[in-house]
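Structure, as structure tokens:
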Amino acid sequence: MLTSLPSFSRLNQLAGPDPQQQQQQQQQQQQQIQGYPGQGQQPLYPQLPGLPNQPPQLQQYGYQPSLPVQPYTVPSGPSYIPPSNAIGPYNPQSNSLYVQQQQQANGYRYPVPTSGIQSSQTQLSPQPLESVGKDEDPIYGPLGRARSKIDRALTGDNEISTDLADGINHPLQSSEPYIHPPSNAAAFKPAKVIKRTILPDALHQELNYKHLTAKMGLFEDIERAWFTVDNKLFLWDYSDGRDFSRYDEQNDTIQAVGLVRARKDVFVDEITHVLIICTSSKTTLLGLSRPPNSREINLYATNLSVETPTAMIDIKGTAAGRIFMLGANKDLYELDYSADSSWFFGSSTKVGLHNRSSGSLANWTPGFLASKTKEGIESFALDSQQGRLYTLHTAGEIEFIDVSGTNYQSRARYTKLKHDLNRNQQNGNITVASLAVVGGHESKRACLVAIASNGYRVYFSSSPSFWPICFRAPIPSQANLPVSSQSFYSSGTFISVQHDNTAPMPQTQLSIATPHCGRQSSLRENLESYESPAFQEWTTTEIIPSQVWTIVELPLTNPAFSPPSLTNPSGIALSALPRQATTQSREFLVLATSGLFWISQPRPIDMLRDDLDLEKDAAINTVRMQFGKSQLAAMSLQLGATHDLKAVDLASSISTILITSGEPIIKDGAGGKNITYSGRHDGLALIIARYLRPIWNVKVTVPASVPGRQILAVTEATLLAVQGRLEKLRRYLDEHPFQRYQAEGDAKIAWDQEDMSIHGLEVLLKQAVEAISFVLLLSDYKISDVILRTDPQTQQTLSNLTFQGFLTSLDGKDVARKLVTALIEQQIGQELGIDTLSEILQQRCGTFCQPGDVVMYKAEESMRRAEGARDFGEKNESLAESLHLFARTAGSIPIPRLQEVSKRYRNMQYTVGAIELPLKTAVELDPNDKAVDYVRDGEHPADPRKALFEARKQCYEMVIEALGIFDELLDKATAQGNAASATQKRDEAYALAIASDDELFHFYLYDWHVERGIQEQLLEFDTPYIEQYLKLTINNVEDRRDLLWKFYARREDYFPAAEALSSLATRPSPMVLHDRLYYLAQALTSAKSAASLGSEDVEFTSRLQEQIDVAQVQMEVARAVETHPDMSADEKNDVLAKLNTDLLQLDELYQNFARPLRLYEPILLILKTADTRIDDVCEAVWRQLIGSYRLAGNVAMSDAIVGFTRRYFPSEAAPLDIMVPVVYAEAQGCQGGQAGWASSALLEGGVPLRDLWEAAVGLYENSDDDERDYYAEEVSVIASRWINKKDEIPAAEVERFASAYLLRTNGAPMNEAKRDTRDRLTAAKQAAVRY
């Protein structure tokens, strides 16, 4: 690119009005410029903040240094202004983003989402909850979930990379187009000079000589600065500052120099550019080459030159090699050269110069004859990529010309720009300083920006018509100086150049505006607002201590040259946020007389990294607020993966960012529950997606030039770069795994969902690294040849397969396996060993491509030999070899393949292979025993470990099938009378199975025995796992519940047996009460057996006895319920069901059953068992029980008294002072019977004679006259009994009572009963006297 500096006199004229004129000029600018909205009352040349005479209208640009900033409050949520600069977990329901907002740079305000304006149509639909399928593949299931996260992240990046025209056309774009950086920290400066290189001494030496003309410029394509001094051209390698070459074969003074791409049909391939050197009358073309991986350049004489009618002042070229030059006569020329031959150059080469603006005759009008006031072209801009050329005419008109292909056709012309700019200017002195193209990578509508001398930028649209769509106000910090034609615009970055010759030393102010790339992402992630914000720019200022000649952007990081992977589907270059994962900071070169200045436009991640060292908490909050919580997490992960974490502060900062990145949230949606993942989850998805973007949607192969062959679609360099980034991230995550959180309810579901999703992303990360290694390996082994060995269907599938499908789909898995097979066959076909290949596959891509296929190939050969062998020894040897090889691949052998191999082993009755290979595979599939943890944690259906559990189950099924077959063989052999060999194989199979140390398999084996109804065989197993299995699986099934205690009993472990029996009896279950009592009795027996062997536990044994007693009461309650006359069958069943569920306490039995159901005998049994006396209850129950026999007669009542007494006496259920009075009272009301039958019944029931004597005498003495005769009769019967048992009652007591009674009744009227009483007492008195 070539630019020339305006003369000093011109600059002085532009910059030198007196203060009065300056004030008048500013007042004139306060009138609103018509023709575009929202641009009123703005100064022509606003000064830097803080300079004298700063106009008050500066506030119109959004810069308000004197006003406090009010934090923005989201209309729908509570405002939140934290009191300190602290970091906490991000809460999307509050405004915690605005931490320390008041301490940010003066005048900064966070972009306000405005409802109903520019609503964005997002493709990001709510994310439903996910689950693990029953038959989900442990690798490709998680990969499928991860694929959707990557696609979502890529879509999000596409959507935040918007068309420039959308932003500058936004209704709010004029209200606050500029903002200051979000922090005063130097890290957040949007552009900064990072380096200065002094111009070479050799140039200064040349300038010291007398010269007429000196110019300079930059050729960024070849990393050279150029200088002309009269007729000499110098090329300087500015990257190292040392190479300074000279070209002086030109006789005349050089007026202009240009560098354009060489046409491909003219020169040899080594020549990539054409160097154009223009004098006042001639243009010369030199060929230029730069060898690969070298900084040297070579110039070649081409003998191509053409006479020119005027000096050329600007030269530009298209990518196809077309050359356009602007003459000093204000005409635009096209230089055309071509060759009819393919030689370097020759006589057939043609060179022509075409005047594109004034016709062909003007080509030969000498420059000195041209009019000094000629109307024409001031400058032009060339959009090489879109084939468009824009010319600025002296009258202020702008013409749009189509130069695509070989065209040169005017498409449109806008003639009112100068009028628009000067509509309210009395002097009409606002001009267009320069033109710059808006590339197709920025916008599909905006095409050009015209930079006015007062700093305004006028954006033009090419569709539907060529018309200005936005007049953007000057940068607020712009000086009160005219804007120079050296001002620069590239891919959204604008640098306003203003030369200041009034300073003590000439200097240039650069006012820089860069797009605020985080506006849309921060609104989406922090506020969940999907509206499209207005285009807003960060601004800053740099001072260059001399005059600036030119500014260029280095092409390496220029978005204009973005590969397809860094553009969205519409061709718009991705914004700085997604770009930063794979590109470095944009850099600009400013060439000035004082040197070459390097300006860097830092990426968001650079801002974060630089500021973390200075103000950790503030940096985190600022970046989260400006770019979004997920973007912040993605940046932190990128920092962790690409920077040295030995610095404690960086590692701590990354940890803080991830911990405070928010939490996943379950929400109710129209189609069910949805989840919003945390910032750390979305950040991980973002960074992986950005690393994968260069290959994700790219096909793995493309057709080669040779029909039927395929080659890699992506270069090895790209694959290595992607793999390197992914591997660093994978290593970082391995060393710094995400923290897991415990929660309850919906929060637990949300965290489980997030953990499952993160697991899938980690699987994808590893899969991608290994898949790329596999593709690179195929490339090393001539991938075209390998593909050609596969079947046509595989070739067709591969030709349509993208890297996304190759990584995550079952088609990709199948293609990879077939490619491995083809690679093996290729090696074998070339008679090369495959051991080395196997090791390489194992090391580079052990998970992705299953390198065990190489070993399996050899194992298959061994198995085939075994199947075809007739010799027994050879067969066994081949089988052993095949098993050895298959065992080496146990962790990678597919289940269907394993099932096939296992079946073939069974068919050949190869016991070791049929048992050991599936068992080893199960262990290798899950080396960390995650399936065991899955079972212990309750087997949640959404647990990602379920897949491992299911895979291991399939392995166990093969072992069980083998054992079943050997059982069947034994049965058949036994029926045929030849069981020896079959028994040996069967025993060997079981021995191998039982010898396994796989706990999960043992449980599966035991379950199989139970399912077959041979659970008793488990008691014969002496393994480390059987006891735990029996403990965990004991249940209420009759066939299984006895296994544990019998297991102990057989081993004479009586105390554990007693504990197992007790547990069986006492736990809640549908077991009938009778069985519970049985198990308690067995437990007591076992406990006593343990005591006899020295393992006595007195407390346990006593507790068992108490439980038995209570259980017997419960049995009595149940019997009473069964015979209850007043209860229906359903009522009885309900009560009995409750009684059979569990062993109850006595209080429960009394309160819930015996008392409400009036079960009188069970009540007495409860009182007896509990050894508790309750007088009123006891008396009422005895009265009810004895009284119920009143109508049945004295015999029935007597029998009942005998039965009740025998059962409950002596106990608190039958105290004599309650029982005896009740019995006598009820007996009085019962007619018939011999005298004293009630006392006889009590004695027969077990009441001691003396106790009954004392009770009866007490009743006699305390009774009234009506009852005294009855009690006397009962006492006389007791006294008669005493005659035969004189030791039980003192004779004196008998003699005393009898004497008193006889004395009292002497002479009284007598009936037969009284006479019998007197006779019995008389006999007793006589016996007492004799005794």
Side-chain angles (χ1 to χ4, degrees), residues 1-5 193-209 211 213-251 253-262 267-279 284-302 315-317 344 544 546-558 561 584-600:
M1 133 173 224
L2 171 67
T3 61
S4 61
L5 190 68
V193 175
I194 59 171
K195 178 182 175 182
R196 175 185 178 183
T197 303
I198 303 300
L199 298 182
D201 292 338
L203 176 63
H204 290 293
Q205 293 174 6
E206 290 289 339
L207 293 175
N208 287 334
Y209 293 102
H211 62 276
T213 305
K215 298 181 180 179
M216 63 178 72
L218 292 168
F219 293 149
E220 66 273 17
D221 287 350
I222 60 172
E223 301 180 78
R224 294 294 191 276
W226 63 266
F227 308 94
T228 63
V229 179
D230 294 336
N231 66 328
K232 294 184 285 293
L233 171 66
F234 301 93
L235 295 177
W236 174 46
D237 183 350
Y238 52 72
S239 61
D240 58 19
R242 290 177 294 182
D243 184 17
F244 189 74
S245 54
R246 169 174 173 168
Y247 176 79
D248 56 4
E249 297 182 12
Q250 196 71 35
N251 296 325
T253 298
I254 297 175
Q255 300 293 335
V257 180
L259 184 72
V260 298
R261 290 278 180 181
F267 304 109
V268 293
D269 292 341
E270 286 78 5
I271 293 182
T272 58
H273 293 80
V274 172
L275 181 64
I276 302 170
I277 302 175
C278 297
T279 65
T284 302
L285 280 66
L286 299 178
L288 184 146
S289 71
R290 183 177 179 181
N293 302 320
S294 173
R295 301 201 58 81
E296 295 182 358
I297 59 173
N298 298 310
L299 295 178
Y300 300 91
T302 63
I315 304 171
K316 293 182 176 70
F344 184 83
I544 303 298
S546 65
Q547 301 292 323
V548 169
W549 279 81
T550 188
I551 303 174
V552 299
E553 179 173 6
L554 295 183
L556 186 62
T557 55
N558 189 342
F561 305 107
Q584 296 301 313
S585 302
R586 293 174 65 183
E587 290 189 347
F588 305 85
L589 298 182
V590 178
L591 182 62
T593 55
S594 57
L596 184 63
F597 296 81
W598 303 67
I599 294 181
S600 173

Original post:
Taking side chain as C-beta onward, heavy atoms only, is Ile297 less than 4.5 Å from Leu235?
Top reply: yes

Original post:
In terms of ring plane angle, is the pair Phe227 and Phe244 parallel, tilted or perpendicular, where the classes change at 30° and 60°?
Top reply: tilted

Subject >> Distance-minimising heavy-atom pair for Asp269 and Thr272 >> reply: O-CG2, 4.2 Å

Original post:
Charged N to carboxylate O below 4.0 Å: is that the case for Arg290 and Glu223?
Top reply: yes

Original post:
For the residue pair Ala256 and Ile315, what are the closest heavy atoms and their distance?
Top reply: CB-CD1, 4.2 Å

**OP:** Check the surroundings of atom CD1 in Ile194: do more than 12 heavy atoms from other residues, nucleotides or ligands lie under 6.0 Å from it?
**Re:** yes

**OP:** Decide yes or no for Ile551 and Leu591: does some side-chain heavy atom of the first lie under 4.5 Å from some side-chain heavy atom of the second?
**Re:** no

Original post:
Does some side-chain heavy atom of Pro291 sit less than 4.5 Å from a side-chain heavy atom of Asn293?
Top reply: no

**OP:** Please assess Thr197 against Trp598 for the test side-chain contact (heavy atoms from CB on, under 4.5 Å), listing each intermediate value before the final yes or no.
**Re:** CA-CA 8 Å; Thr197 303; Trp598 303 67; 3.3 Å; yes

Original post:
Quick one: does Leu288's side chain get under 4.5 Å of Leu259's, heavy atoms only?
Top reply: yes

Subject >> Separation between CG of Leu203 and CD of Gln205, rounded to the nearest 0.5 Å >> reply: 9.5 Å

Subject >> Minimum heavy-atom distance between Ala214 and Trp549, given as atom pair plus value >> reply: O-CH2, 3.6 Å

Subject >> Chi angles and distances behind the side-chain contact (heavy atoms from CB on, under 4.5 Å) call for Gln250, Lys232 >> reply: CA-CA 7 Å; Gln250 196 71 35; Lys232 294 184 285 293; over 6 Å; no

Original post:
Going from CD1 on Ile222 to CZ on Arg295, what distance comes out if it is rounded to the nearest 0.5 angstrom?
Top reply: 10.5 Å

Subject >> Verdict with supporting geometry, Phe219 and Trp236, ring pair (Phe, Tyr, Trp, His ring centres under 6.0 Å) >> reply: CA-CA 10 Å; Phe219 293 149; Trp236 174 46; over 10 Å; no

**OP:** State, yes or no, whether a side-chain contact exists between Val552 and Phe588 at a heavy-atom distance under 4.5 Å.
**Re:** no

Subject >> From OG1 (Thr557) to CD (Gln584), nearest 0.5 Å >> reply: 8.5 Å

Subject >> Modelled atom types, side-chain donor and acceptor of Arg586 and Ser600, under 3.5 Å >> reply: no

Original post:
Within a strict 4.5 Å, meaning less than it, do heavy atoms of the Lys316 and Val260 side chains meet?
Top reply: no

**OP:** Calculate, to the nearest 0.5 Å, the distance between atoms CG and CD1 belonging to Leu589 and Ile599 respectively.
**Re:** 9.0 Å

Original post:
Is the shortest side-chain N to carboxylate O distance from Arg224 to Asp237 below 4.0 Å?
Top reply: yes

Original post:
Any side-chain heavy atom of Phe234 sitting closer than 4.5 Å to one from Glu206?
Top reply: yes

Original post:
At what distance, to the nearest 0.5 angstrom, does CE of Met216 lie from CG of Leu199?
Top reply: 5.5 Å

Original post:
Do you know which two heavy atoms are closest between Ser594 and Ile544, and how far apart they sit?
Top reply: OG-CG2, 4.3 Å

**OP:** Would you sort out whether Tyr238 and Leu218 count as a side-chain contact (heavy atoms from CB on, under 4.5 Å), showing the intermediate values?
**Re:** CA-CA 10 Å; Tyr238 52 72; Leu218 292 168; 4.2 Å; yes

Original post:
How far apart are the closest heavy atoms of Leu233 and Ile277, and which atoms are they?
Top reply: CD2-CD1, 3.9 Å

Original post:
Which pair of non-hydrogen atoms, one from Ser546 and one from Thr593, has the smallest distance, and what is that distance?
Top reply: CB-OG1, 3.1 Å

**OP:** Kindly indicate whether the side chain of Val257, heavy atoms from C-beta on, has any atom under 4.5 Å from the side chain of Leu275.
**Re:** yes

**OP:** Could you tell me whether the side chain of Thr302 and the main chain of Leu285 form a donor-acceptor pair under 3.5 Å?
**Re:** yes

Original post:
Distance from Asp248 atom CG to Asn231 atom CG, nearest 0.5 Å?
Top reply: 7.0 Å

